Student: 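Following this message is one structure expressed as structure tokens.
Small disclaimer: the values here were computed from a predicted structure and weren't measured. A note on names: the letters A, B, ... follow the listed sequences, proteins ahead of strands, and every chain is numbered from 1.
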2 protein chains.
Amino acid sequence: MKSSAAAESLPRLTAGERTRQSILDVAVDLASVEGLDGLTIGRLATELDMSKSGLFAHFGSKEELQLATIEAAKHRFAAEVVAPALKAKRGLPRLSALCKEWIGYGQDSVFPGGCFFAAAAAEFDSRPGLVRDRIAEAMDQWIDMLRIAVRKAIEEGDLLSSIDSEQLAFEINAMLMAANFDFQLHDDKKAFDRAKKGIDRLLHHASA
Amino acid sequence: MKSSAAAESLPRLTAGERTRQSILDVAVDLASVEGLDGLTIGRLATELDMSKSGLFAHFGSKEELQLATIEAAKHRFAAEVVAPALKAKRGLPRLSALCKEWIGYGQDSVFPGGCFFAAAAAEFDSRPGLVRDRIAEAMDQWIDMLRIAVRKAIEEGDLLSSIDSEQLAFEINAMLMAANFDFQLHDDKKAFDRAKKGIDRLLHHASA
DNA sequence: CCTACCGATCGGTAGG
DNA sequence: CCTACCGATCGGTAGG
């Protein structure tokens with residue numbers, strides 16, 4: 001027998017899978033700066049010191065590369081924002097943690113060109129297709145996470161029962177997105193302070 | 001003498017200037033959908049039933065075409081949003097009118113791909129150059145207009161003197177931008193209702 | 001405003 | 001994973 005499949009369940013990756021992962025790490029960074037369409041196979045191959053066709057063989061089409069890049073970005077977002085926030089206990093603490101972790105994610109430039117999903121949504125919102133659908137799905141999942149955290153905060157008695165969870169999630173996300181674009185355009189982190197201040201006031205007014 | 005320069009001061013345009021204007025009308029619409037970079041000279045020429053080089057001669061470079069397109073988009077925005085809002089009297093009425101006109105501008109798809117400036121800012125925020133600078137300038141002018149309207153509303157006694165005009169302008173704009181991106185991604189106008197509701201509450205809490 | 005062209009780069013393929 | 005290639009399109013130019 002060649003190897004024990006049962007041992008070390010996760011890090012057991014084939015060489016091809018490892019190459020694919022390192023391609024996607026670079027692809028995510030490149031796409032956050034140049035856009036998901038500006039992410040060209042030639043450019044990415046140069047960045048990785050590979051041949052175009054060698055890289056291409058891992059994906060089969062540009063669309064598949066784009067979809068795989070979105071998937072890799074989702075994993076990075078989950079690790080950097082969602083996972084830390086889930087350590088806070090449910091209710092208002094977790095809602096606050098989601099906002100705090102998102103602001104940290106923006107400030108620390110987890111993606112070098114700013115929030116991957118905000119940029120990709122703006123780029124693809126007028127181009128029907130699988131890429132657009134997956135980006136919209138990722139955005140919806142994030143807003144949904146905020147909305148559910150608001151609802152739990154209401155259930156825990158931390159927020160007023162009269163609060164419209166969908167409306168509050170929309171407004172919180174609006175502050176975060178605005179901070180992201182403001183920061184990208186002006187390279188001034190006070191945009192995140194403004195978002196923080198706006199969200200603090202939103203949560204204060206929603207509190208019992 | 002060929003013509004009286006003094007008569008009809010504005011509509012006196014040369015044939016070249018009229019052609020240029022009709023090119024830019026199409027360029028603005030195309031760019032709002034495909035992006036300012038996706039606005040290619042070949043694509044634009046096809047749309048206008050012109051030769052590439054004939055169109056190119058009006059601008060001299062792609063960057064000049066992009067800059068002229070931004071200028072044309074600013075004019076459309078000024079006519080559709082700013083001018084109507086300036087009919088309202090200074091203070092809170094004008095601030096409310098700016099928000100109302102902006103929401104109308106979004107709902108009516110004055111640019112077929114959504115707010116031209118929001119899309120262009122997201123597209124170019126990581127690409128240094130003249131195009132990026134002009135877009136940032138246009139965005140700053142809009143936020144500044146909101147900020148000044150807030151300040152006037154404070155001076156008129158319509159809003160509390162404790163209000164931070166820059167912060168409020170940021171938060172109002174955040175609602176508008178979020179509604180724009182939400183609408184582009186979901187094609188559901190309830191995003192504008194959410195923005196309206198959020199802004200109404202912002203202004204209510206800021207009122208004396 | 002046109003035809004005719006340039007070198008560079010795009011996504012993708014053949015064949016190994 | 002590679003070399004070598006394809007047709008299409010890019011921004012831009014020559015010359016009229």
Student: Whole Å only: how far is the NE2 atom of His58(B) from the P atom of dC2(C)?
Tutor: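 It works out to 9 Å between those atoms.
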
Student: Give every residue pair that meets the salt bridge (Lys or Arg N to Asp or Glu O under 4.0 Å) criterion with at least one member in residues 165-187 of chain A, sequence neighbours excluded.
Tutor: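 Non-adjacent pairs meeting salt bridge (Lys or Arg N to Asp or Glu O under 4.0 Å): Glu166(A)-Arg194(B), Glu171(A)-Arg201(B).
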
Student: Please list, for nucleotides 12-16 of chain D, all pairs of protein and nucleotide N/O atoms separated by less than 3.5 Å.
Tutor:
residue, atom, partner, partner atom, Å
dG12(D), OP2, Lys62(B), N, 2.5
dG12(D), O6, Lys52(B), NZ, 3.4

Student: Does a side-chain heavy-atom distance below 4.5 Å link Leu24(A) with Arg76(A)?
Tutor: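 Leu24(A) does not reach Arg76(A) side chain to side chain.
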
Student: Using salt bridge (Lys or Arg N to Asp or Glu O under 4.0 Å) as the criterion, list what pairs up with Arg132(B), not counting sequence neighbours.
Tutor: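 With sequence neighbours excluded, Arg132(B) shows a salt bridge (Lys or Arg N to Asp or Glu O under 4.0 Å) to no residue whatsoever.
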
Student: Which residue in the set Lys100(A), Met145(A), Glu101(A) passes side chain to side chain contact (heavy atoms under 4.5 Å, CB included) when paired with Val81(A)?
Tutor: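 Only one of Lys100(A), Met145(A), Glu101(A) forms a side chain to side chain contact (heavy atoms under 4.5 Å, CB included) with Val81(A), namely Glu101(A).
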
Student: Are the side chains of Phe77(B) and Val28(B) in contact, using a 4.5 Å heavy-atom criterion?
Tutor: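 With C-beta onward as the side chain, the pair stays apart.
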
Student: Of all the base pairs, Watson-Crick or G-U under 3.5 Å, which form stems of three or more consecutive pairs involving DNA chain D?
Tutor: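 Expected stems, ordered by start: C:1-16 with D:1-16.
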
Student: Provide, to the nearest angstrom, the distance between the CZ atom belonging to Phe59(B) and the P atom belonging to dC1(C).
Tutor: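 That distance rounds to 10 Å.
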
Student: Could you state the atom-to-atom distance from CG of Asp49(B) to C1' of dC2(C) in whole Å?
Tutor: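 After rounding, the gap between these two atoms is 14 Å.
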
Student: Before you tell me yes or no, could you show the steps for Asp144(A) and Arg147(A) under salt bridge (Lys or Arg N to Asp or Glu O under 4.0 Å), namely the whole-Å CA-CA distance, both residues' side-chain angles and the distance that decides it to 0.1 Å?
Tutor: CA-CA 5 Å; Asp144(A) 240 56; Arg147(A) 204 200 72 231; 2.9 Å; yes

Student: With a 4.5 Å cut-off on side-chain heavy atoms, are Thr69(A) and Leu30(A) touching?
Tutor: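 No - every pair of side-chain heavy atoms lies 4.5 Å or more apart.
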
Student: Within this structure, what is the CG-to-P distance between Leu48(B) and dC2(C), rounded to whole angstrom?
Tutor: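 Going from CG in Leu48(B) over to P in dC2(C) covers 10 Å.
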
Student: Take the angle between the ring planes of Phe111(A) and Phe117(A) and call it parallel below 30°, perpendicular above 60°, tilted in between.
Tutor: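 Answer is perpendicular, since the angle exceeds 60°.
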
Student: Can you tell if the side chain of Trp102(B) reaches within under 4.5 Å of the side chain of Met177(B), non-hydrogen atoms only?
Tutor: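 Contact flag for Trp102(B)/Met177(B) side chains = yes.
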
Student: Within this structure, what is the CZ-to-P distance between Arg43(B) and dG11(D), rounded to whole angstrom?
Tutor: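 Result: 12 Å.
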
Student: May I have all residue pairs that pass side chain to side chain donor-acceptor pair (under 3.5 Å) and include part of residues 120-130 of chain B, sequence neighbours excluded?
Tutor: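 Checked against side chain to side chain donor-acceptor pair (under 3.5 Å) - neighbours excluded - the pairs reaching residues 120-130 of chain B are Asp37(B)-Arg127(B).
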
Student: Can you measure Arg18(A) atom CZ to dC1(D) atom C1' for me and round it to whole angstrom units?
Tutor: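 The distance from CZ of Arg18(A) to C1' of dC1(D) comes to 15 Å, rounded to the nearest Å.
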
Student: Taking OP1 and OP2 of dC10(D), is either one under 4.0 Å from a side-chain nitrogen or oxygen of Thr40(B)?
Tutor: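 Yes, because at least one side-chain N or O of Thr40(B) sits under 4.0 Å from OP1 or OP2 of dC10(D).
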
Student: For residues 24-39 of chain A, which residues have at least one heavy atom under 4.0 Å from DNA chain C?
Tutor: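 Per residue number, the list is empty: none.
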
Student: Check this for me: Lys62(B), atom NZ, are more than 12 non-hydrogen atoms of other residues, nucleotides or ligands nearer than 6.0 Å?
Tutor: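 Yes - once you tally the heavy atoms of other residues, nucleotides and ligands closer than 6.0 Å, there are more than 12.
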
